[in-house]
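Report on one structure; see the data block that follows.
On a predicted model such as this, the values are computed, not experimentally measured, just so you know. Chain A is the first sequence line, chain B the second, and so forth, proteins listed ahead of strands; every chain is numbered from 1.
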Protein chains: 2
Amino acid sequence: MNVKLKDIADRTGFSINTVSRALREDSRISEATRVTIRQIANDMGYIPNVVAGSMRSNRSRTIGIISADSANPFFAEVIQGIEEKARKANYSILLINTEEQAANERDAIRLLLGRQVDGLVIAPVFNDEENLSLYRELTIPYIFVGRYVDGMQDHSILHGDVEGQAMAVDHLLRHGHRKILYIAGPKNISNTIDRLQGLKQAYHAHNLEIDESYILSSSGHMEDGYARVNQALNRGLSFTAVVCFNDLLAIGALKSLHENSLSVPDDVEVFGFDNLAMSQFMQPRLTTVEVPKNRLGQKAVEELVRHIEDPAYPYATVNMKPRLILRESTLANHMDNNATH
Amino acid sequence: MNVKLKDIADRTGFSINTVSRALREDSRISEATRVTIRQIANDMGYIPNVVAGSMRSNRSRTIGIISADSANPFFAEVIQGIEEKARKANYSILLINTEEQAANERDAIRLLLGRQVDGLVIAPVFNDEENLSLYRELTIPYIFVGRYVDGMQDHSILHGDVEGQAMAVDHLLRHGHRKILYIAGPKNISNTIDRLQGLKQAYHAHNLEIDESYILSSSGHMEDGYARVNQALNRGLSFTAVVCFNDLLAIGALKSLHENSLSVPDDVEVFGFDNLAMSQFMQPRLTTVEVPKNRLGQKAVEELVRHIEDPAYPYATVNMKPRLILRESTLANHMDNNATH
DNA sequence: AAATGTTGTGTTAACGTTAATCCATGAACG
DNA sequence: CGTTCATGGATTAACGTTAACACAACATTT
């Protein structure tokens, strides 16, 4: 059997409680006893039973992470940031993927509550009624990372989806593009909605009407980017630029354009979103919108931990500034657009 | 306060224990009571306190995942498989990254033991003495995923690193290549060692000496693939093929070759390893060795759960067959090598 | 010198669940 | 018609820790 407090107590002659306190440097314990106890605990190879501790103290030092898809490079980086920050703050993380299904999200919340997590970091499905009320009744702190749901924006860490997408499209419009193919993301997440809004905002700012037939829907994966562009070309749609909801789509788009002997950026310019690590290794290097993924995860944990440790700490939307990363998949690669600075 | 067994007991008139058993369909409880209790528990919104249950039952239904780097697309996919399988088997996962540091691996093990996990899935650093003895003394089941440590191969789920790399190099030698640049992986993991062995094995099979100056070391990231090939070219090293420890390196290599106006595959052929999702979207599509990443994770959990549920279940190495995926970054793309079938 | 505070420790009681026993009740049996 | 056995449930005691309180010993104040 593993060493427990009682064993250390027996060995040192102190009470279980004193041992517990000495190991936590919790209370007024003399330096001498503290040292003795720690020494012996160490010699005996004591590993605290966190489960027992959690039960009594009503704090598990565990955070539940509800991700959409941890294999998606975007979330993989966010989760990396979360894990790193949590580990340093002495929290452990329980990870669950929802595959963008509202029902899975519900199950995940229930499961994590049952596991007594101290807080949640969530990439939520957009405005699912049932989940909305679930969130409203939640008694532990929670942060939405990179997304939001209506009425709870103040629980979110965001990265300027509207603004970022507007900047990207504005950049292209400004350089004369009038036939821009837009490949949108999954229907049920806030990012898709916001980036679409950014797209439209840019058109309006230029007093241009948007042609809805140039807006295609997708699930946001590489295969989709490839397929959508193929389809557009097959339908004879003419366009001089492709703007994608994210880099994955853009990478697929690049592939299709190449196979159809269209040169990027000379025949068609391509814009991504997210700035994934792999994007600068594409051929050509992908122009995109920077999103601080790792930082996003870290920030989410920072905020969450503050809420956990101080229930009075007020919720407030954190909105990070997006930034264009102009590379080879677009032409005008000098930063002639300083509007956002 | 949350609903607990006692509340349901009070409400139904049954004892706490009967309620507990009814909800677990554990024992001899009449169908009628079971239904009544479940109904009421449901109405009251009861969520079992898993922490309390774990403490008493001595089973946490939690698995610890010790990954090297969850943002690396390879591990990201393995972890996805782990998460999916674990969720379906009613286990939760605690995720920790070690960044390939043996010391972090030790900390992770300790931490997870303290959290009373029922088992571990680990991507271990290779043969760190201190960790080796830690593993030997471990009293809970553990599986090494995609890697091994000496003397504990039977705890591993592997994917034929030696064989896979040998197949790849053999393919190139067979097609006349004699100057093959090899970019190896991180020093302290088994995959690097095995793949190097595979490389040498292929040379020996062709009665060829290997030129050590054609073997470069790296950390296994895209930037490294790019930098190593750049350096090799700058040093005036002549080669007709680049074989990389993994796809990430190969992607970096492609970039460097392109920038140096070398055509792939006409001037230089490029071989990766792992078959990442992104690899088939490279320009040109990357030839590689298939590794069933998601499946690897799933299998690890399957095995682990069997060990958890039956301590007598014997450990045995699982070795998955590798398979060449010939694409555009190499020339002879028809499968003329049937040696492994 | 009594009152008050401070420091260090022990004692007791939880936390919410499950395991181990025990105890009725009624059916089945010779 | 007593004995045995199965069935359904209650009672009690843990699991290992931390919180709350108590208290002795000594120092400090008035």
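- Closest approach to the A:Arg21 side chain among D:dA10, D:dT17, D:dA20 is made by D:dA20 (side chain taken as heavy atoms from C-beta onward).
- Distance A:Glu31 CD to C:dT6 P: 21 Å, rounded to the nearest Å.
- Between the CG atom of B:Asn49 and the P atom of C:dA14 there is a distance of 18 Å, given to the nearest Å.
- Of the two residues contacting DNA chain D, namely B:Ala52 and B:Val19, the nearest-nucleotide position lying further toward the 5' end is that of B:Val19.
- Of all nucleotides listed (C:dA19, D:dG9, D:dG16), C:dA19 comes nearest to the side chain of B:Ser57.
- Between A:Arg87 and A:Glu83, at least one side-chain nitrogen of the basic residue sits less than 4.0 Å from a carboxylate oxygen of the acidic one, meeting the salt-bridge criterion.
- By the 4.0 Å N-to-carboxylate-O rule, B:Glu129 lies too far from B:Arg136 to be salt-bridged with it.
- Spacing between atom CE of A:Met55 and atom P of D:dT18 amounts to 13 Å, rounded to whole angstrom units.
- Using a 4.0 Å cut-off, some side-chain N or O of A:Thr18 falls inside it from OP1 or OP2 of C:dG10.
- Not one side-chain nitrogen or oxygen of A:Ser20 sits closer than 4.0 Å to the OP1 or OP2 atom of D:dT17.
- For residues 107-117 of chain B, the set of pairs meeting the side chain to side chain donor-acceptor pair (under 3.5 Å) definition, not counting sequence neighbours, comprises A:Thr62-B:Arg115, A:Ser92-B:Arg115.
- Atom CD1 of B:Ile16 is separated from atom P of C:dA19 by 15 Å (rounded to the nearest Å).
- Relative to the side chain of B:Arg56, the nucleotides C:dC15, D:dA14, C:dG8 differ in distance, and D:dA14 lies closest.
- Atom pair A:Arg115:CZ and C:dT17:P shows a separation of 14 Å (rounding to whole Å applied).
- Out of D:dG9, D:dA10, C:dT17, the shortest distance to the side chain of B:Asn17 is found at D:dA10.
- Residue-level contact check: B:Ser15 touches the bases, meaning some heavy atom is under 4.0 Å from a base atom.
- Backbone-only engagement by A:Gly13 is indicated by non-hydrogen atom pairs under 4.0 Å involving sugar-phosphate atoms exclusively.
- Listed nucleotides: D:dG8, C:dT17, D:dA10. Nearest to the side chain of B:Lys4: C:dT17.
- Distances shown here put every side-chain N or O of A:Arg34 at or beyond 4.0 Å from the OP1 or OP2 atom of C:dT7.
- Salt bridge B:Glu84/B:Lys299: absent, no basic N to carboxylate O contact under 4.0 Å.
- Taking atom CZ of residue A:Phe14 and atom C1' of nucleotide C:dT11, one finds them 16 Å apart after rounding to whole Å.
- We find that CG of B:Asn58 is positioned 15 Å from P of D:dA14, with the value rounded to whole Å.
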Q: Give the C-alpha distance, both sets of side-chain angles, the deciding distance and a yes or no for side chain to side chain contact (heavy atoms under 4.5 Å, CB included) between B:Tyr46 and B:Leu23.
A: CA-CA 10 Å; B:Tyr46 174 68; B:Leu23 293 174; 3.6 Å; yes
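- Considering only side-chain N and O atoms, B:Thr33 lies under 4.0 angstrom from the phosphate OP1 or OP2 of D:dG9.
- In this structure, CD of A:Gln116 is placed 9 Å from P of C:dT17, rounded to the nearest angstrom.
- Phosphate proximity of D:dT7 to B:Ser30: absent, as no side-chain N or O sits under 4.0 Å from OP1 or OP2.
- Proximity of A:Tyr46 to the phosphate of D:dG16: no side-chain N or O atom is located under 4.0 Å from OP1 or OP2.
- Using a 4.0 Å cut-off between a side-chain N of Lys or Arg and a carboxylate O of Asp or Glu, B:Lys6 and B:Asp10 qualify as a salt bridge.
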